[in-house]
**Q** 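Below you'll find the structure I mean.
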Amino acid sequence: MVGPATEHLVEVAAAVVLRSDDRFLLAQRPAGKVYAGFWEFPGGKVERGEPARTALARELREELGIELTHAYPWITFEYVYPHAHVRLNFFRVLRWVGEPASREAQALTWQRRGAISVSPLLPANAPVLRALDLPPVLAITDAWSRGEPAQLEQLEAALGRGLRMVMVREKQMPRARLRAFTAEVLLRCNRAGALVLVNGDEALARASGADGVHLTSAQLLLCARRPGLAWCGASCHDRQDLSRAAALGLDYVVLGPVLETPSHVDVQPLGWKSFEQMVLGYPLPVYALGGMTREHLGVACDAGAQGVAMVRGAWRGRAGQPFPSGWSGSESVVGIR
């Protein structure tokens, strides 16, 4: 956050409107408004006593002339501008009725992740654009029990079906074998353009050239500052973990177990209601973990998740069953024309 804090906190509902080609909508602030000419995500002020989702639907109707039919709650964070202290409640809008059109003299543009062609952008957009680069599915390796050749074969097949984020988590594997296995994972993922994170081992993440490191919950609580890698996430099990990850400025977290899972038979699962309550108003993207399959993706997103993190569920896919590489892949219809 930048600028002086103000006493009055302004609640804002903001929309990441996504088309089926994974392009998202930006609007340019018209002349006469603060930050005129800057590009932003559509949305506006939440009135006193008004639910953020209701405000979102109203703003999209007034600004773009579309009727909202389904939106996923997403990240929420505060930003202090010189003129206002705002809390931005972001939603991912995947279903609507009508064609977005300017209703308030604002220019509109559809942009693609990693290739934004307009500027300047409002400063508060940075965390949103960062989170847009994270796919809906995080797959976690299980080579120690599956066997390395089988796991690599399953990984290759999953990458071919659209998997774009992998965590190497092999706590029982001897160090030399783990280095070699990580190198093989990276070779395959680099060819497919998939992110690779190493669980619990920053040194290996750096030495191997992985995209980042994933901290265990124990490491998270002992961590004094964010590791200096491109991507950094953490495992969370309670509100204390979530609070610490946010304070460190991590890129994402996984939270669970949400459902019963054979790997944590002695742990009481959170359930979807508790998961939803814990991520409500949270500033970082959250992956639901524990008993997840791709069929849980919509449920997870409805509860406020970025997506799902899976071990067994990631490698059980039927031949030809695609992974959603972008958020629009989690819905069969994006925008009802």
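As the structure is a prediction and not an experimental result, all values here were calculated from the model.
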**Q** Would you name the heavy atoms of A143 and M173 that are closest together and state the gap between them?
**A**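 So the minimum-distance heavy-atom pair works out to CB-CE, 4.0 Å.
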
**Q** Would a line drawn from the ring center of Y79 to the ring center of Y81 be shorter than 6.0 Å?
**A** yes

**Q** Inspect the contact between R312 and D142 and indicate whether a charged nitrogen and a carboxylate oxygen are less than 4.0 angstrom apart.
**A**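 Salt bridge flag = no for R312 with D142.
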
**Q** Backbone N or O of E50 within a donor-acceptor pair of the T54 side chain at under 3.5 Å?
**A** no

**Q** Check whether any side-chain heavy atom of P257 sits under 4.5 Å from a side-chain heavy atom of V267, and report yes or no.
**A**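 When only atoms from C-beta onward are counted, V267 and P257 do touch, with a gap below 4.5 Å.
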
**Q** Might you point out which heavy atoms bring A15 and V93 nearest each other, and give the distance in Å?
**A** CB-CG2, 3.8 Å

**Q** Looking at CG of D238 and CZ of R244, how far apart are the two atoms once the value is rounded to the nearest 0.5 Å?
**A**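 With rounding to 0.5 Å, CG (D238) is 13.5 Å from CZ (R244).
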
**Q** Any donor-acceptor pair under 3.5 Å linking the side chain of N89 with the backbone of T76?
**A** no

**Q** Using a 4.5 Å cut-off on heavy atoms from C-beta on, say whether the side chain of C236 contacts that of V254.
**A**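 A side-chain contact under 4.5 Å is absent here.
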
**Q** What heavy-atom pair brings A36 and P30 nearest, and what distance separates the two atoms?
**A**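 It is CB-O, 3.4 Å.
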
**Q** Would you compute the distance between atom CZ of R161 and atom CZ of F323 and round it to the nearest 0.5 angstrom?
**A**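 Spacing of CZ (R161) from CZ (F323) equals 5.0 Å.
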
**Q** Ignoring hydrogens and angles, tell me if any N or O in the side chain of Q219 forms a donor-acceptor pair with the backbone of T216 under 3.5 Å.
**A**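 Checked: pair present.
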
**Q** Begin from the C-alpha positions of H70 and L94 and carry the test side chain to side chain contact (heavy atoms under 4.5 Å, CB included) through to its verdict.
**A** CA-CA 6 Å; H70 193 83; L94 276 71; 5.9 Å; no

**Q** Heavy atoms only: give me the nearest M165-V137 pair and the separation to one decimal.
**A** CB-O, 3.7 Å

**Q** So does K171 have more than 12 non-hydrogen atoms from other groups sitting under 6.0 Å from NZ?
**A**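 Atom NZ in K171 is crowded, with more than 12 foreign heavy atoms closer than 6.0 Å.
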
**Q** Hey, is D251 close enough to R130 for a salt bridge, meaning N to O under 4.0 Å?
**A** yes

**Q** Find out whether F90 and W74 are in side-chain contact, i.e. whether some heavy atom of one side chain is under 4.5 Å from a heavy atom of the other.
**A** yes

**Q** Please determine whether a side-chain nitrogen of the Lys or Arg among R191 and E156 lies less than 4.0 Å from a carboxylate oxygen of the Asp or Glu.
**A**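 Looking at E156 together with R191, the answer is yes, because their closest N to O distance falls below 4.0 Å.
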
**Q** For W39, is there any backbone N or O sitting under 3.5 Å from a side-chain donor or acceptor partner on N125?
**A** yes

**Q** Please confirm whether the backbone N or O of A71 pairs with a side-chain atom of R53, one donor and one acceptor, at under 3.5 Å?
**A** yes

**Q** Tell me whether E104 at atom CD has more than 12 heavy atoms from other residues, nucleotides or ligands lying less than 6.0 Å away.
**A** yes

**Q** Are F41 and F24, when compared by the centres of their aromatic rings, separated by less than 6.0 Å?
**A**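 Judged by ring-centre distance (under 6.0 Å), F41 and F24 do meet the cut-off.
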
**Q** I'd like to know if R61 and E67 make a salt bridge, using a cut-off of under 4.0 Å between side-chain N and carboxylate O.
**A**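 Judged by the 4.0 Å cut-off on N to carboxylate O distance, R61 and E67 do form a salt bridge.
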
**Q** Is a donor on one side and an acceptor on the other found under 3.5 Å between the side chain of S243 and the backbone of R239?
**A** no

**Q** Taking R177 first and then E148, would you say they form a salt bridge - that is, a charged N and a carboxylate O separated by under 4.0 Å?
**A** yes

**Q** What's the verdict on side chain to side chain contact (heavy atoms under 4.5 Å, CB included) for V213 and W231, showing C-alpha distance, side-chain angles and the deciding distance?
**A** CA-CA 7 Å; V213 64; W231 292 94; over 6 Å; no

**Q** Hey, could you give me the CG/OG distance between N199 and S235, rounded to the nearest 0.5 Å?
**A**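 Rounded to the nearest 0.5 Å, the CG-OG separation comes out at 6.0 Å.
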
**Q** Report the distance from atom CG of L129 to atom CD1 of I116, rounding to the nearest 0.5 Å.
**A** 4.5 Å

**Q** State, yes or no, whether a side-chain contact exists between L26 and E40 at a heavy-atom distance under 4.5 Å.
**A**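 A side-chain contact is absent here, since even the closest heavy-atom pair is not under 4.5 Å.
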
**Q** Specify the closest pair of heavy atoms between C189 and V166, including all atoms of both residues, with the distance to one decimal.
**A** SG-CG2, 3.8 Å

**Q** If you take all heavy atoms of E59 and G43, which pair is closest and at what distance?
**A**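 For E59 and G43, the tightest heavy-atom pair comes out as OE1-O, 3.6 Å.
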
**Q** Do V97 and T69 come close enough that some side-chain heavy atom pair is under 4.5 Å?
**A** yes

**Q** For Q28 and G37, indicate whether the former's side chain and the latter's backbone hold a donor-acceptor pair under 3.5 Å.
**A**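 Between the backbone of G37 and the side chain of Q28 there is a qualifying donor-acceptor contact (under 3.5 Å).
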
**Q** Between V253 and Y287, is any pair of side-chain heavy atoms under 4.5 Å apart?
**A**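 The answer is no; the side chains never approach within 4.5 Å.
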
**Q** Any Lys/Arg nitrogen of E78 or R87 sitting under 4.0 Å from an Asp/Glu carboxylate oxygen of the other?
**A**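 Salt bridge flag = yes for R87 with E78.
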
**Q** Given 3.5 Å as the limit, does a donor-acceptor pair link the side chain of E170 with the main chain of W144, or not?
**A** yes

**Q** If you count heavy atoms of other groups shown closer than 6.0 angstrom to CD of Q277, is the number above 12?
**A**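 Yes, the 6.0 Å shell around CD holds more than 12 heavy atoms from other groups.
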
**Q** I'd like to know if the side chain of H237 and the backbone of G256 have a donor-acceptor N/O pair within less than 3.5 Å.
**A** yes

**Q** Show your working on side chain to side chain contact (heavy atoms under 4.5 Å, CB included) between V168 and L178 and close with a plain yes or no.
**A** CA-CA 9 Å; V168 177; L178 179 56; 4.0 Å; yes

**Q** Can you tell me how far apart CD (Q306) and SG (C301) are? Round to the nearest 0.5 Å.
**A**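 Going from CD on Q306 over to SG on C301, the span is 7.5 Å.
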
**Q** Got a donor-acceptor contact below 3.5 angstrom from the W110 side chain to the D22 backbone?
**A**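 No; judged by distance alone, with no hydrogens or angles, the pair does not exist.
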
**Q** Does the pair L195 and D133 meet the rule for a side chain to side chain contact (heavy atoms under 4.5 Å, CB included), with working shown?
**A** CA-CA 10 Å; L195 294 173; D133 287 333; over 6 Å; no

**Q** Is there a side-chain contact between Q106 and S102, using heavy atoms and a 4.5 Å cut-off?
**A**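 When only atoms from C-beta onward are counted, S102 and Q106 do touch, with a gap below 4.5 Å.
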
**Q** Are the ring centres of H214 and Y252 closer than 6.0 Å?
**A**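 So the answer is yes for these two rings.
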
**Q** M167 versus T141: any side-chain heavy-atom pair under 4.5 Å?
**A** no

